[in-house]
Every structure is written in C-alpha cells, then in structure tokens.
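So the structure is just underneath, and the comments pick up after that.
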There are 2 protein chains.
Amino acid sequence: MPDTPRRSESRYGNRPTMKDVAARAGVGLKTVSRVVNGEQGVTPETERRVQEAIDALGFRRNDSARVLRKGRTASIGLVLEDLADPFYGPLSRSVEEVARAHGALLINGSSAEDPDREQELVLALCARRVDGLVIIPAGDDHRYLEQEIRAGVATVFVDRPAGKTDADVVLSDNFGGARDGVAHLIAHGHRRIGFIGDMPRIHTAAERLRGYLAAMEDAGIPVEDSWTSLGVTDPLRVRRAAEDMLRGPSPVTAVFAGNNRVSVTVIRVLAEQTRRVALVGFDDIELADLLHPGLTVVAQDASVLGRTAAERLFGQLDGSLIVPERIELPTRLITRGSGELPPAD
Amino acid sequence: MPDTPRRSESRYGNRPTMKDVAARAGVGLKTVSRVVNGEQGVTPETERRVQEAIDALGFRRNDSARVLRKGRTASIGLVLEDLADPFYGPLSRSVEEVARAHGALLINGSSAEDPDREQELVLALCARRVDGLVIIPAGDDHRYLEQEIRAGVATVFVDRPAGKTDADVVLSDNFGGARDGVAHLIAHGHRRIGFIGDMPRIHTAAERLRGYLAAMEDAGIPVEDSWTSLGVTDPLRVRRAAEDMLRGPSPVTAVFAGNNRVSVTVIRVLAEQTRRVALVGFDDIELADLLHPGLTVVAQDASVLGRTAAERLFGQLDGSLIVPERIELPTRLITRGSGELPPAD
DNA sequence: TAGGGCCTGGACAACGTTGTCAGATGCGGG
DNA sequence: CCCGCATCTGACAACGTTGTCCAGGCCCTA
C-alpha cells in the first residue's frame with residue numbers, strides 16, 4: 001500500500017509536522033502556523049491548546065520548508081582560508097556576532113587557499129540560498145559570482161579584494177602598514193633589510209611587498225635580490241630563506257616578516273643566531289610581548305575587519321547599501337623591542 | 001492580477017528553476033532533475049541541450065527544496081564556546097574536514113559559555129534539520145536534546161560530557177593529564193604547588209582540579225586552601241590569584257595553570273617575579289618553546305579531538321554506531337624548562 | 001512485418017511550511 | 001429581531017525539488 005505512508009515512518013525519524021499538531025489540538029493547520037510564528041488573531045484558549053500539543057509532540061518547525069516558502073534563509077556563509085589560523089578565529093567570531101544580532105546563522109568553510117575549493121564552497125552555499133556571503137578570496141577571478149550577486153546574494157570580500165569583478169571589499173592597509181614597519185627599521189639605522197612573504201598572487205602579500213619596496217625607495221636604499229624571498233610559506237623553506245639572507249654576500253641586519261606564520265619561524269631562526277638581528281612582523285601574535293626581545297609588529301585587528309564586513313553585508317540586505325565600496329582599515333605599529341634593535345654587522 | 005506572478009519578479013531575485021530550464025531546453029522537468037543529479041537515462045544529446053540551458057540561465061539547484069524532499073540536509077552543526085579561542089580553531093577545522101569528506105557543510109555557533117545560548121543555538125540548528133550535531137557543552141543539562149536525538153539527529157559531545165543524558169562523548173584525559181603534570185612538578189622537588197583553574201561546574205576544570213588533588217595526595221602532601229583558586233577566568237583576577245599564592249603565608253614554588261588562558265596570564269606574572277617559580281600549563285600554546293624558560297605543558301590535540309568526534313558522528317549517521325560511547329584521548333606532557341625549575345624559597 | 005523488451009522522457013504527487021482569502025462565529029446597534 | 005462588522009479560523013495553493021509510474025519509441029528477433 002504505497003499510498004499510506006504512516007507519519008511514524010517518515011524519513012525525519014518521526015518528527016511531527018504542523019499537521020500533526022493541528023490534528024492533536026483539534027484546530028486547523030494555519031492556526032498552528034500562527035501560534036508558532038507568534039502572529040496575532042488567535043484566542044488565548046486556542047493558543048494554549050496548540051502550545052500543549054506542540055510540547056506533547058515535541059514539534060519543531062522545519063526551517064527547510066519555511067525557507068522554501070519565504071525565500072530567505074536567515075543564514076550567511078563565510079569562506080575563509082583556514083579556520084585553524086589564529087588570524088581567522090577572531091574574524092569568524094565577529095562575523096558570527098553580527099549575524100546573530102540579525103538573527104542569522106553562520107555557515108563556515110575553509111578554502112585551504114585553493115581557488116577551486118573556494119568556488120566549490122561558494123557555489124554550495126549559494127545552492128543553499130544563503131542570504132549573503134563573506135569571502136576571504138583564495139582565487140583571483142570571481143566572475144563566477146556575478147550571476148549569484150545579480151540573483152540577490154549579498155557579497156562582501158574581506159582581507160583581499162575580489163578578482164575581476166567589483167564588489168564590496170574590506171581590507172587592512174597592507175601597503176601602508178608594511179611601509180611603516182620597514183620605515184621603522186630604517187629609522188633605527190638599518191639599511192640591509194630582508195623581506196620574507198607569501199606568494200605575490202595573494203593580494204595582501206603583494207601589497208606588503210610593495211610597502212617594503214616603497215619604504216626602501218623612500219630612503220634611497222637599493223634593494224638587493226638576495227634580500228627578498230617570495231612565495232615561501234612552509235616553515236622549512238622560510239627557515240632556509242631566512243638563513244640565506246642572514247649569511248649572504250651582504251647579510252641583512254633586519255628582517256620584515258610578511259605574516260604571522262613567517263614571523264614565528266623567523267623568530268626561531270633568529271633565536272639561534274649569535275648576532276642580534278632586528279625583526280618586525282606583520283600581524284600580531286599572542287605572547288609576542290613575552291619573547292626576548294618582545295616582537296615588534298604591524299597589527300591589524302581581525303575582529304574589526306570581520307565586524308565591518310558583516311555589517312556591510314547586512315547593510316546590503318537591508319537595501320541601504322547599493323554601490324560597492326572599498327573600505328581600508330588602518331594598521332598599528334606596536335613596538336616591543338625586536339624592531340628597535342640597532343644594526344649589528 | 002494576483003494569479004500571474006511573473007518568474008522575473010520572484011522573491012529569489014529572478015533565479016531560474018528547473019521548470020525554466022526544462023522550458024528552455026524543451027524537455028520535461030524530471031529530465032532536468034536527472035541531468036542535474038547525474039542520474040542515468042538521458043541521451044547525450046538531451047543532456048547537452050539541458051546543460052546548455054542551465055548555463056545560459058545560470059541555474060543553480062535550490063537545496064532547500066531538495067532538503068525538503070529528501071530529508072537530509074548534508075550539513076552538520078558545531079556548537080562551541082568561542083571560535084576565537086585558539087583551542088577551538090583547529091578543532092573546528094578538523095570537524096570541517098571530516099564533514100567535507102562526507103559531502104557535508106558545517107554550521108558553526110559560539111555559545112559564549114552560556115547554557116541558554118547553547119540551547120538556543122542547538123534548537124535553531126535542529127530546526128534547520130542538520131543531520132548531526134557536535135557540541136562542546138556550556139550547560140550541564142541536555143535533556144532538552146533527547147527528543148531531537150530520538151528524532152534522528154546524530155549527536156556527539158566533545159571536550160566535556162553531556163549533562164543528564166547519555167550520548168557519545170569524546171574527551172581528553174583531563175584528570176590523568178593534570179595529575180601527571182602536577183606529579184612532574186613534585187618529582188622536581190616541589191611541595192607547595194598552586195592550582196588556578198576555571199569554574200568547577202565546567203567538567204574539564206573539575207577534572208583537572210581532581211588530577212591536581214590526586215597527585216598531591218599520592219605524594220602525601222596536604223593541600224593548603226591558599227594554594228588553589230577556582231572559577232577565576234579573566235586576566236585581572238587570575239593575576240591577583242597568582243600574586244596571592246606567591247606571597248601568602250606558605251608561598252608556592254610552582255603553579256599548575258588549568259588552561260591556556262590562565263597560563264598566559266601566569267606567565268606574565270611570573271616574569272615580573274625575582275624568585276624563579278616553576279609552571280606547568282594545561283593546553284599547549286604557540287611559541288611556548290620560545291619563552292624563557294620554555295613553557296612545560298600538558299598538551300591535548302584539539303584537531304584529533306575534533307576529528308574523532310566528527311567521525312563518530314558520521315558513524316552514527318551510517319547506522320554503524322548505535323550505542324553511546326565515551327572516548328577518552330590521552331594527553332602528552334611536553335617539557336620545555338618551566339616545569340623543570342627546582343623549588344626556590 | 002509483427003511482437004516483445006528495453007530505454008528515454010514526462011506527468012504527477014509529495015515534502016512541510018506560509019500567504020491569501022473566504023467562511024464562521026459572536027457581538028452590538030438599529 | 002435582524003443586520004453588519006470585527007474577530008478568529010481553516011481550506012487551498014504555492015514554493016522547487018525528487019520519486020513513482022506509465023507512455024511511447026526504438027531495436028531486435030522470429
């Protein structure tokens with residue numbers, strides 16, 4: 001008898017539906033809906049009966065059906081590089097807080113710095129009809145998103161700009177921060193300054209390199225090839241790069257580390273040196289003040305970045321923000337000792 | 001004309017549906033469904049036409065409708081304390097990886113250590129019909145979940161056991177780890193050892209305290225009241241607690257820090273002391289090896305914790321795991337110097 | 001050439017909810 | 001006493017997809 005699927009054999013375990021609640025309470029389906037959604041137009045007595053049935057059956061509204069009907073999911077997606085990175089934890093958390101304030105849930109995904117995986121994730125989120133997306137892009141071509149944006153998915157890029165499409169973007173001032181950090185080293189007498197950063201195809205890495213070069217040029221210091229190392233990211237290769245520039249033909253007396261992962265490794269390498277080498281890192285690190293010397297950093301505030309982006313996202317959803325904008329947040333130089341060491345040849 | 005809602009005015013922006021694709025490709029609705037889902041029984045020629053229409057319209061399947069029909073959402077929820085905490089980042093990431101391997105997305109939520117907020121989040125996730133839940137509980141009463149579990153929501157608790165209900169749970173050996181850490185201090189000659197930990201209503205905190213007490217008792221050392229500080233969590237109060245036990249009537253020569261946040265503050269306090277005080281912390285900390293002295297810790301592997309829990313979750317969903325189990329993962333003592341300092345009175 | 005089996009394609013219902021609209025009920029006023 | 005109005009309730013369609021089932025066309029064989 002294929003036509004009598006017993007409620008109790010339904011595929012959701014045996015989750016009661018509004019229909020079941022209605023039957024038990026002896027009211028119509030819509031009345032249950034009204035009670036569940038707190039709409040008015042229900043007598044206290046009826047409401048009580050319905051509530052009783054709800055509790056008795058353990059009814060919980062099926063949001064999938066609701067979404068299908070209403071068109072809004074009250075959820076947003078966040079695609080970032082790696083949730084395990086201490087930079088993204090606070091960012092994610094602040095996005096979540098804003099979402100929560102707007103009654104939305106957060107779906108999280110890590111792209112692992114892989115453009116294909118980013119796209120796969122983003123499209124999966126679109127298929128779930130998230131109301132909006134906060135994206136820390138891994139790839140540099142986001143034309144695949146244009147259709148989605150036109151279809152009404154609010155979108156904000158954070159930390160790095162979108163590629164080949166214009167959309168809201170919230171960035172740190174990577175160029176200015178790096179320039180100031182390097183200028184700080186120059187002000188303390190350094191001229192041979194090394195730079196170790198990530199692949200230049202990553203916007204932040206490129207900008208920070210540009211900042212380094214600008215500071216050097218401003219000071220009239222020609223940069224030697226052996227002083228810069230790009231695209232280096234795993235600890236082993238960072239180590240080698242640092243060691244190389246420390247004992248090259250014209251060894252550096254200071255290093256600018258392009259991100260927190262690089263900083264950590266460089267700190268380890270410098271700790272092994274007899275010569276005192278100055279260091280400024282991009283991104284703050286927990287306990288940086290307890291190292292010897294304390295680590296001087298160019299700090300960006302991940303949670304402000306996240307909050308700003310999320311607020312912008314909900315601004316788009318309100319309809320109050322239409323024109324894509326580029327917001328750039330300032331960085332802050334925090335001196336703790338390592339960046340103030342004098343050159344030691 | 002309420003009866004002619006133009007497709008182009010639909011509430012999803014103007015997202016095409018399978019019907020639109022079917023119309024454009026000149027085929028039936030179900031044929032489109034077949035193509036989209038890679039089912040067989042479609043001629044290459046037909047498939048080409050459908051695919052063309054899909055691309056032209058920018059069709060993307062609406063997963064809400066799919067979920068409604070199929071009953072599985074291919075998404076799981078993770079409720080943790082605070083995504084910004086460096087302990088939870090890697091945990092979350094490893095849960096995500098397992099989910100990804102099973103084709104599921106991850107919805108993340110922070111309870112902020114608030115039981116009500118935990119419940120609110122969990123129920124919201126249930127309303128979305130997540131297939132499963134990984135929960136780091138904030139509250140100590142989870143009977144509200146029993147109905148959901150019966151309704152088929154796979155559930156695994158991590159880091160702390162569920163309250164008043166039995167369910168799968170994956171823990172670190174908090175008791176054993178703390179006991180070993182304290183025993184380590186005792187082995188290095190300490191007798192007056194302090195303990196600073198979180199509120200004992202938090203299972204991990206209680207277990208670690210129990211480990212501390214067990215180690216002391218095993219060594220026949222009576223514990224003085226002034227040596228333990230419980231329920232202390234914000235930096236300022238941890239600082240005061242540490243300072244108090246360092247200069248009390250019988251000042252401690254070593255401290256056991258109950259979690260990473262406590263450790264960080266205690267490290268700061270100890271750095272200000274002239275007397276050398278030993279320290280062992282629960283949870284590893286990045287750069288712990290670069291401090292002076294290096295921080296000795298009882299380490300638990302957050303990503304293994306997360307992975308184990310997530311695998312267990314999908315085990316439940318496969319139907320291969322039925323009986324709730326309690327899995328306890330060992331901790332590891334990592335000696336780096338701070339825990340090997342001799343007592344200095 | 002007719003019949004049978006196989007394969008492709010499409011009509012239709014169902015998933016659980018919400019919006020629309022009309023019916024029922026009760027009350028007060030003319 | 002009856003009508004009109006306000007208030008409350010319920011029937012029904014629709015959201016976009018997938019599962020079921022049947023029709024029609026093709027090829028192969030006798």
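A note on names: the letters A, B, ... follow the listed sequences, proteins ahead of strands, and every chain is numbered from 1.
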Task: Min side-chain heavy-atom separation B:Gln51-B:Ile54 under 4.5 Å - done: yes
Open item on the list: Given C:dC15, C:dT18, C:dG9, identify the nucleotide with an atom nearest to the side chain of B:Arg69.
Closed with: C:dC15
- [ ] Indicate, with a heavy-atom threshold strictly under 4.0 Å, whether A:Arg34 touches base, sugar-phosphate, or nothing.
- [x] base
Task: Spacing of A:Glu45 atom CD relative to D:dC8 atom C1', expressed in whole Å - done: 13 Å
Task: OP1 or OP2 of C:dT18 under 4.0 Å from side-chain N/O of A:Ser33 - done: yes
Open item on the list: So A:Asn37, base contact, sugar-phosphate only, or nothing? Heavy-atom distance under 4.0 Å.
Closed with: sugar-phosphate
Task: Closest nucleotide among D:dT18, C:dG16, C:dG10 to the B:Leu29 side chain - done: D:dT18
TODO: Look at all strands and tell whether A:Gly41 reaches a base, only sugar-phosphate, or nothing, counting heavy atoms closer than 4.0 Å.
DONE: base
Task: Nucleotide D:dG16, atom P - distance to CG of B:Leu68 in whole Å - done: 12 Å
Task: Spacing of B:Arg60 atom CZ relative to D:dT17 atom P, expressed in whole Å - done: 12 Å
Task: Side-chain touch A:Glu52/A:Glu47, heavy atoms, less than 4.5 angstrom - done: no
Open item on the list: Classify the ring geometry of B:Phe157 against B:His142: parallel below 30°, tilted from 30° to 60°, perpendicular beyond 60°.
Closed with: perpendicular
Open item on the list: Between P on D:dC15 and CG on B:Asp63, what's the gap in Å once rounded to a whole number?
Closed with: 19 Å
Task: Length of the CD1-P vector between A:Ile54 and C:dG16, whole Å - done: 16 Å
Task: d(CZ, B:Arg49; P, C:dG10) in whole Å - done: 8 Å
TODO: Rounded to the nearest angstrom, tell me the gap between atom NZ in A:Lys70 and atom P in D:dA14.
DONE: 19 Å
Open item on the list: Within the structure provided, determine whether B:Val134 and B:Val79 are in side-chain contact (heavy-atom separation under 4.5 Å).
Closed with: no
- [ ] Among the candidates D:dT18, C:dT18, C:dG9, find the nucleotide nearest to the side-chain atoms of B:Thr31.
- [x] C:dG9
- [ ] Identify whether any heavy atom of B:Val36 sits under 4.0 Å from a base atom; if not, whether one sits that close to sugar-phosphate; answer base, sugar-phosphate or nothing.
- [x] nothing
Open item on the list: Can you identify which nucleotide, out of C:dG10, D:dT18, C:dT17, has its nearest atom closest to the A:Ala65 side chain?
Closed with: C:dT17
Task: Between P of C:dC15 and NZ of A:Lys19, the distance in whole Å - done: 6 Å
Task: Where B:Tyr144 and B:Glu118 come nearest, the two heavy atoms and their spacing - done: OH-OE2, 2.7 Å
TODO: Side-chain contact test, heavy atoms from C-beta onward, threshold under 4.5 Å: evaluate it for B:Asp141 versus B:Thr165 and give yes or no.
DONE: no
Open item on the list: Given D:dT18, D:dA11, D:dT9, identify the nucleotide with an atom nearest to the side chain of A:Lys30.
Closed with: D:dA11
Task: Residue B:Met18, side-chain atoms from C-beta onward, closest of D:dT20, D:dT17, C:dG19 - done: D:dT17
Open item on the list: Side chain of B:Val27 only, heavy atoms from C-beta on: which candidate in C:dT17, C:dG10, D:dG10 is closest?
Closed with: C:dG10
- [ ] Give the nucleotide from the list C:dT20, C:dT17, D:dC8 with an atom nearest to the side chain of A:Thr43.
- [x] D:dC8
